[in-house]
A.B. asks: 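My questions will all concern the structure given below.
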Amino acid sequence: MDSIPVDQPLREAAALLGQARRVVVFTGAGMSAESGVPTFRDALTGLWQRYDAQALATPEAFRADPALVWGWYEWRRHAVRRARPNPGHLAVAAIQTRVPGTVLITQNVDDLHERAGSPDPVHLHGSLFAPRCSGCARPAPSPDDAAGEPADGRRVPPPGCARCAAPVRPGVVWFGEALPPEALETAVEAASSCDLLLTVGTSGLVYPAAEIPQVAARLGAAVIQVNPEQTPLDGIAEVNLRGAAAVVLPALVDAVWVGAAG
Ligand code: APR
């Protein structure tokens with residue numbers, strides 16, 4: 001098997017991770033890129049091509065056209081069901097095994113961390129798999145998957161709540177909505193008390209989630225960033241690992257625990 005060259009930034013990151021006792025892993029859409037999960041903006045194909053993602057992911061859009069918005073989330077849920085965790089997700093689960101107590105905070109609404117073996121990720125932006133009533137907030141089951149989804153998507157009227165009959169909505173955080181208070185509190189608490197935060201595949205542009213690595217850095221934690229592109233988080237990162245999560249994270253885990261560094 002070809003070995004990945006261990007360069008200086010990877011060596012530095014491995015040294016930081018090897019010494020860390022309280023670790024936070026903070027992930028965004030880039031984490032699932034190699035699994036083929038369309039990012040939020042890439043998900044606007046077919047039926048939704050002419051819409052703006054930021055306008056579709058709002059309570060106003062759902063009220064105005066529930067079938068359009070629910071159909072978009074059903075299409076995305078089906079795409080995630082077909083996807084598999086990539087080696088980056090597995091590497092995150094390996095870090096959690098090696099450093100007990102590691103807190104995983106994700107902005108992703110997919111379930112690929114769970115399927116890679118990460119117990120209880122903190123879902124800051126909710127989940128595609130936790131629909132709830134738009135009226136009384138009662139959790140609702142995900143619809144039956146038997147039908148499948150046409151490639152171009154379709155309008156799907158949302159089911160009605162079993163208790164109050166209001167339309168069921170996706171269990172995600174839309175633009176203009178508050179983050180789930182418990183998830184946010186857990187994330188801020190973990191970021192405030194960690195000694196290392198590993199940020200992976202996030203643009204660092206969407207607030208308040210983007211505060212999480214900043215809180216950690218402000219309170220003295222080392223920040224390692226994994227991203228093929230520059231981001232606003234470059235400045236606070238002690239080490240920037242430029243590359244794809246599915247390649248860099250397994251190399252990092254190997255460098256710390258399999259002794260590939262050197
Ligand atoms: N590995 C690591 N990072 C990658 C990869 C990859 N293979 N491919 C792309 N990236 C990086 C991009 O360079 C970019 O910086 O992932 C980042 C994705 O940025 P966004 O699409 O803005 O995703 P994210 O930061 O998760 O956005 C936060 O905003 O889109 C809304 O609610 C949605 O939860 C999402 C939130």
Side-chain angles (χ1 to χ4, degrees), residues 4 9-10 13 24-45 48 51-59 61-62 69 72-73 76-77 79-80 83-92 95 104-113 116 121-130 169-180 183-184 187 197-214 223-237 239-253:
I4 294 158
L10 190 65
V24 168
V25 182
F26 177 68
T27 67
M31 180 84 234
S32 297
E34 277 92 16
S35 294
V37 174
T39 64
F40 185 63
R41 280 157 253 277
D42 290 345
L44 287 164
T45 56
W48 302 282
Y51 294 92
D52 169 37
Q54 206 136 333
L56 216 49
T58 61
F62 183 68
V69 174
W72 186 43
Y73 281 91
R76 291 174 60 194
R77 187 170 67 85
V80 166
R84 288 168 179 242
N86 67 54
H89 294 105
L90 297 174
V92 170
I95 293 171
L104 171 59
I105 304 166
T106 186
Q107 298 162 87
N108 297 343
V109 293
D110 65 47
D111 62 350
L112 295 180
H113 280 304
V122 177
H123 277 280
L124 270 188
H125 289 167
S127 161
L128 288 172
F129 301 94
R169 58 160 284 174
V172 302
V173 178
W174 279 328
F175 288 100
E177 294 186 316
L179 270 49
L184 184 58
L197 183 141
L198 183 59
T199 173
V200 184
T202 179
S203 61
L205 291 172
V206 177
Y207 282 81
E211 284 282 0
I212 297 299
Q214 294 175 15
V223 172
I224 299 172
Q225 175 169 237
V226 178
N227 198 310
E229 310 285 340
Q230 294 189 339
T231 80
L233 300 174
D234 280 21
I236 62 160
V239 185
N240 278 293
L241 299 174
R242 299 271 182 238
V247 176
V248 172
L249 289 174
L252 178 60
V253 166

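One-based numbering along the sequence shown. Both counts, for ligands and for their atoms, begin at 1 and track the order of listing.
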A.B. asks: Given V226, which of V200, V239, N240 fulfils the side chain to side chain contact (heavy atoms under 4.5 Å, CB included) condition?
C.D. replies: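 Filter result, single survivor: V200.
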A.B. asks: Would you check the N or O atoms of T231, main chain and side chain alike, for any that come under 3.5 Å of an N or O of ligand 1?
C.D. replies: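 For ligand 1, there is no N or O atom that lies under 3.5 Å from one belonging to T231.
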A.B. asks: What are the atoms of ligand 1, with element, lying closer than 4.0 Å to any heavy atom of A33?
C.D. replies: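 Those qualifying, in numeric order: 7 (N), 8 (N).
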A.B. asks: Whether R169 engages the ring of W174 as a cation-pi pair (distance to the six-membered ring centre under 6.0 angstrom, angle to the ring normal within 45°) should be assessed.
C.D. replies: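 The answer is yes; both the distance and angle limits are met.
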A.B. asks: What I want to find out is whether D111 reaches R77 closely enough, with some N-O distance under 4.0 Å, to be called a salt bridge.
C.D. replies: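 No, D111 and R77 are not salt-bridged.
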A.B. asks: Is A29 in polar range of ligand 1, meaning some N or O pair under 3.5 Å apart?
C.D. replies: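 Min N/O separation from ligand 1 is below 3.5 Å for A29.
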A.B. asks: What I want to know is whether G201 and ligand 1 share at least one N or O pair that is separated by under 3.5 angstrom.
C.D. replies: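 Yes, there is a polar N/O contact under 3.5 Å.
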A.B. asks: Do you know the tightest heavy-atom contact between A187 and I212?
C.D. replies: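 Looks like CB-CD1, 3.8 Å.
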A.B. asks: Out of all atoms in ligand 1, which are within 4.0 Å of some heavy atom of E229? Include the element for each.
C.D. replies: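 That gives atoms 13 (O) of ligand 1.
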A.B. asks: List every atom of ligand 1 that sits less than 4.0 Å from any heavy atom of G28, numbering the atoms from 1 in the order shown and giving each element.
C.D. replies: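 This gives 26 (O) as the contact atoms.
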A.B. asks: Do the non-hydrogen side-chain atoms of L233 and T202 ever get within less than 4.5 Å of each other?
C.D. replies: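 Yes - at least one pair of side-chain heavy atoms lies under 4.5 Å apart.
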A.B. asks: Just jot down the ligand 1 atoms closer than 4.0 angstrom to any heavy atom of A244, in number order.
C.D. replies: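 Under 4.0 Å from A244, ligand 1 has these atoms: 1 (N), 6 (C), 7 (N).
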A.B. asks: Out of S35, P232, A245, whose heavy atom is nearest to atom 1 (N) of ligand 1?
C.D. replies: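 Selected option, by shortest heavy-atom distance: A245.
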A.B. asks: Ignoring hydrogens, just give me the one of Q230, M31, Q107 whose non-hydrogen atom is nearest atom 28 (C) of ligand 1.
C.D. replies: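 Of the listed residues, Q107 has the closest heavy atom.
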A.B. asks: What heavy-atom pair brings S127 and V172 nearest, and what distance separates the two atoms?
C.D. replies: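 Reported closest heavy-atom pair: O-CG1, 3.6 Å.
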A.B. asks: Just by distance, with hydrogens left out, do T27 and H113 show a side-chain donor and acceptor under 3.5 Å apart?
C.D. replies: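 The criterion, which ignores hydrogens and geometry beyond distance, is satisfied for H113 and T27.
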A.B. asks: Taking all atoms of both residues into account, what is the closest heavy-atom pair of L10 and V248, and its distance?
C.D. replies: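 Distance-wise, the nearest heavy atoms are CD1-O, 4.4 Å.
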A.B. asks: Does atom CZ (R84) have a neighbourhood of more than 12 heavy atoms from anything else shown, all under 6.0 Å?
C.D. replies: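 No - once you tally the heavy atoms of other residues, nucleotides and ligands closer than 6.0 Å, there are 12 at most.
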A.B. asks: Looking at ligand 1, is there an atom of it that comes within less than 4.0 Å of some heavy atom belonging to N227?
C.D. replies: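 Contact present.
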A.B. asks: N108 versus ligand 1: do any nitrogen or oxygen atoms come within less than 3.5 Å of each other?
C.D. replies: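 Such a contact does not occur with ligand 1.
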A.B. asks: Under 4.0 Å from a heavy atom of H125: give me the atoms of ligand 1 that qualify, with their elements.
C.D. replies: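 Counting from 1, the qualifying ligand atoms are 32 (O), 34 (O), 35 (C), 36 (C).
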A.B. asks: Using a 4.0 Å heavy-atom cut-off, say whether V206 meets ligand 1 through its side chain, its backbone, both or neither.
C.D. replies: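 Under 4.0 Å from ligand 1, V206 contributes side-chain atoms alone.
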